[in-house]
Amino acid sequence: MDRPALVVDDDAVSRHVLIQTLTSAGMNPIAVPDGERAMEWLEEGRPSVVLLDLVMPGADGFSVLRHIRARPELAEVPVIVLSALDAEEEIQRIFAEGADDYVHKPFRPTELIARLRGQLKLREFVEQLSRRERNAQIVVDLTQTLASSLHIREILFTVVDRLASLVRVDRCSIVLVGEDSNVGFVVASSDDDGLRNLPIQLTNYPEIRQVLETGEALVIHDAPHHPMLETVVHQLPTHRYSSLALVPLLHETTPHGVVFMRAHGDARFDDGDLALVRTVANATSIALSNARVLQSLRDASERSAFARIEAERRVQLFQRYADFFESSADGMMVIDRNGLVLFANPRAREITGFPEIELMGMSVSSLFAPRSQERSMRLLRGFREGIYPRGVDLDTLTKDGPSIILSLSCSSVLHEEDAVLLSFRDVTHERRTAIELEQTKEFLERVIDGSVDAIVSTNMAGKILLFNRAAARMLDRDPGLVVGKLSINELYPPGVSRRVLRRLASPEQGGWGRLENERVEVVSSSGERIPASLSAAFIVEAGHPVAIVGLFTDLRERLRMEQRLHAAQEELRLRERHAIVAELSGAAAHELNQPLTSIIAYAERVRRAQPASEVLQNAANVITTESERMAEIVRRIGRITRYETKSYVGAARILDLEKSSFDDSPEGEKR
């Protein structure tokens, strides 16, 4: 099935069951949950069938049904209503509104699929009948035209144009074989009604040669990969089409040309299409033979002479307007419906760089660069339909200089003579400036998005207009839920936004000033208050503020670093106090060391000098004992302060000042 089946039901379970049912039946379902979305989908898509629930919120099933039946392109789409409603008046209304069938909920999958396939078969049968009737009428109309008209060029274009529309292809051409079997002439093409006797080398078209040799129609669905075309697929633009179909033009069973149809996509080219094309081809071949136009169509010189005479005649008609165009600041040209230049004013010659003699009779499409050729051809086709656009930009080739951009406006003049007036001006600088401005805008947007600081901009009412990625990360908010939806007040704690605005507009700031490194708090999506540094300013246009932009720097990491630094400084100050106490203790120990040494020495001398005096011996012993106890205290103080002791007399130990003054550590400095 080429087109999908559209399911419209607000109940998720029903949609799921319907999708499974249709998928198991080999259909391609697409489901939407309400009537509004169904109508939006139908604006662009065309389903094979619609399965429609009636009771839905918003636009109900009846609204969708009326929408479908009101559009001609959807008139033939079958609609099957699925509903639990079973009142007779409701069922009558369902069919009165245009439904093709009705299935009661809950439904049986087999019954639903059977009803659906029945509707599809019925629609297919009706479409086939309608198509056959339409094709038959078309054949009758074209045959009458071929038999009654003497203007064979117009007839041939009418044939290819109608065939291209009916078979739905991008291009339909008639190619006739020349006297040289290796040369063909494209005598009509649906996408160019001005084309006449375009010669082509049939060696580059193996598909045409095969049809001419066999006299049978040929269909190719994958031209870029078809073995027949592998040697020429990259040589000619015509082989860029994906699907090809060729039907021979037979004259007494001998092919003398082909109807050549091409499509960019996958055209179906079914038996009905080929039968229609074959019938039209036979009628065309008879008309060509009866009118004996083969030789006249190949006579290019006569055609060129006639075209030149006609162009000169038209130039004389427009000469009367030359004085009006001479002083125009815009370039102006008059062309015929085939695009041949009949008149060009001085400004047009100056812009293009071509002299008047070269412009006269030139095809205007040859002035445009290759990338603008397709647009220029659409313009020419539009002229024939009475479409005259204005302000169309086309890349244009000048005679000696680089390509330029022309802004082109068109209008009809002397309508009875089929002439078109083109007025244009060089807008190369303006367009390139616009491109540069757009690139600058995109660059600035990338810079803003790439900033490590949060950037937020609001209008004067406080509505957020800009919210970059850094702001989204910092505040843990989705920009899509912020821009155009939230006010800046919602990003601050209560009262902070008003305070910031007052500071910005204060007299100290010049009325419309700026803030730099203002400490504020902002609120994340979870309610966390985040310390930040704000720099903000008004955006002023014509002396009036139109917006406010603010740059927020997240201070959380900086504050954590400051806290760690403060703790380190406190620890350093404490260690310095301990060092001072240790130094004081060491100094006291050092000062006590010498007196204690002297006392112990003198007590020893007393003991030795008066060995017989028990009193002096006891006194010396007490002095020595107390001095040693004091020395032990001094030694302990020295140990705390990293001063060391040494043996003095007997078991007594005193401070070793020499060792205490120097350290064997890598620092090795005197204390």
Enquirer: Below 4.5 Å, heavy atoms only, C-beta onward: do Leu22 and Leu116 meet side chain to side chain?
Expert: yes
Enquirer: Does any non-hydrogen side-chain atom of Leu394 lie less than 4.5 Å from one of Arg375?
Expert: yes
Enquirer: Looking at Arg66, I'd like to know if its CZ atom is crowded, meaning that more than 12 non-hydrogen atoms belonging to other residues, nucleotides or ligands lie closer than 6.0 Å.
Expert: yes
Enquirer: Grab the two heavy atoms, one from Ser627 and one from Ile599, that are nearest each other, plus how far apart they are.
Expert: OG-CG2, 3.0 Å
Enquirer: Side-chain contact, heavy-atom cut-off 4.5 Å: Asp60 with Val55?
Expert: no
Enquirer: Would you say CZ of Arg564 has more than 12 non-hydrogen atoms from neighbouring residues, nucleotides or ligands within 6.0 angstrom?
Expert: yes
Enquirer: Decide if atom CZ of Arg605 counts as having more than 12 heavy atoms of other residues, nucleotides or ligands within a radius under 6.0 Å.
Expert: no
Enquirer: Are more than 12 heavy atoms, taken from residues, nucleotides or ligands other than Arg378, located less than 6.0 Å from that residue's CZ atom?
Expert: yes
Enquirer: For salt bridge (charged side-chain N to carboxylate O under 4.0 Å, His left out), just list the numbers for Glu518 and Arg499, CA-CA rounded to whole Å, side-chain angles, deciding distance to a tenth of an Å, and then say yes or no.
Expert: CA-CA 11 Å; Glu518 180 86 1; Arg499 176 173 62 83; 3.4 Å; yes
Enquirer: Quick one: does Phe467's side chain get under 4.5 Å of Leu486's, heavy atoms only?
Expert: no
Enquirer: Quick one: does any side-chain atom of Glu44 pair with a main-chain N or O of Trp41 as donor and acceptor, under 3.5 Å?
Expert: no
Enquirer: If you count the non-hydrogen atoms of other residues, nucleotides and ligands that lie under 6.0 Å from CD in Glu541, is the total more than 12?
Expert: no
Enquirer: Taking side chain as C-beta onward, heavy atoms only, is Glu442 less than 4.5 Å from Thr440?
Expert: no
Enquirer: Cut-off 3.5 Å, side chains only: do Asn621 and Thr624 have a donor facing an acceptor?
Expert: no
Enquirer: Answer yes or no: is there a side-chain heavy-atom contact under 4.5 Å between Asp554 and Ile530?
Expert: yes
Enquirer: When you measure from the side chain of Ser372 to the backbone of Phe368, do you find a donor-acceptor pair of N or O atoms at a distance under 3.5 Å?
Expert: no
Enquirer: Counting N and O atoms only, with roles assigned by atom type, does the side chain of Asp453 sit under 3.5 Å from a partner on the main chain of Thr553, one being a donor and the other an acceptor?
Expert: no
Enquirer: Under a plain distance cut-off of 3.5 Å, with no hydrogens placed, do Ser497 and Asn489 share a side-chain donor-acceptor pair?
Expert: yes
Enquirer: Would you say Glu490 has more than 12 foreign heavy atoms packed within less than 6.0 Å of its CD?
Expert: yes
Enquirer: Stepwise, does the side-chain hydrogen bond (donor to acceptor under 3.5 Å, both in side chains) test hold for Gln20 with His16?
Expert: CA-CA 6 Å; Gln20 285 190 327; His16 179 73; 3.2 Å; yes
Enquirer: Any donor-acceptor pair under 3.5 Å linking the side-chain atoms of Asp426 with those of Thr428?
Expert: yes
Enquirer: Does any N or O in the side chain of Glu36 come within less than 3.5 Å of the main-chain N or O of Ala59, such that one atom is a donor and the other an acceptor?
Expert: yes
Enquirer: Decide yes or no for Thr458 and Lys463: does some side-chain heavy atom of the first lie under 4.5 Å from some side-chain heavy atom of the second?
Expert: no
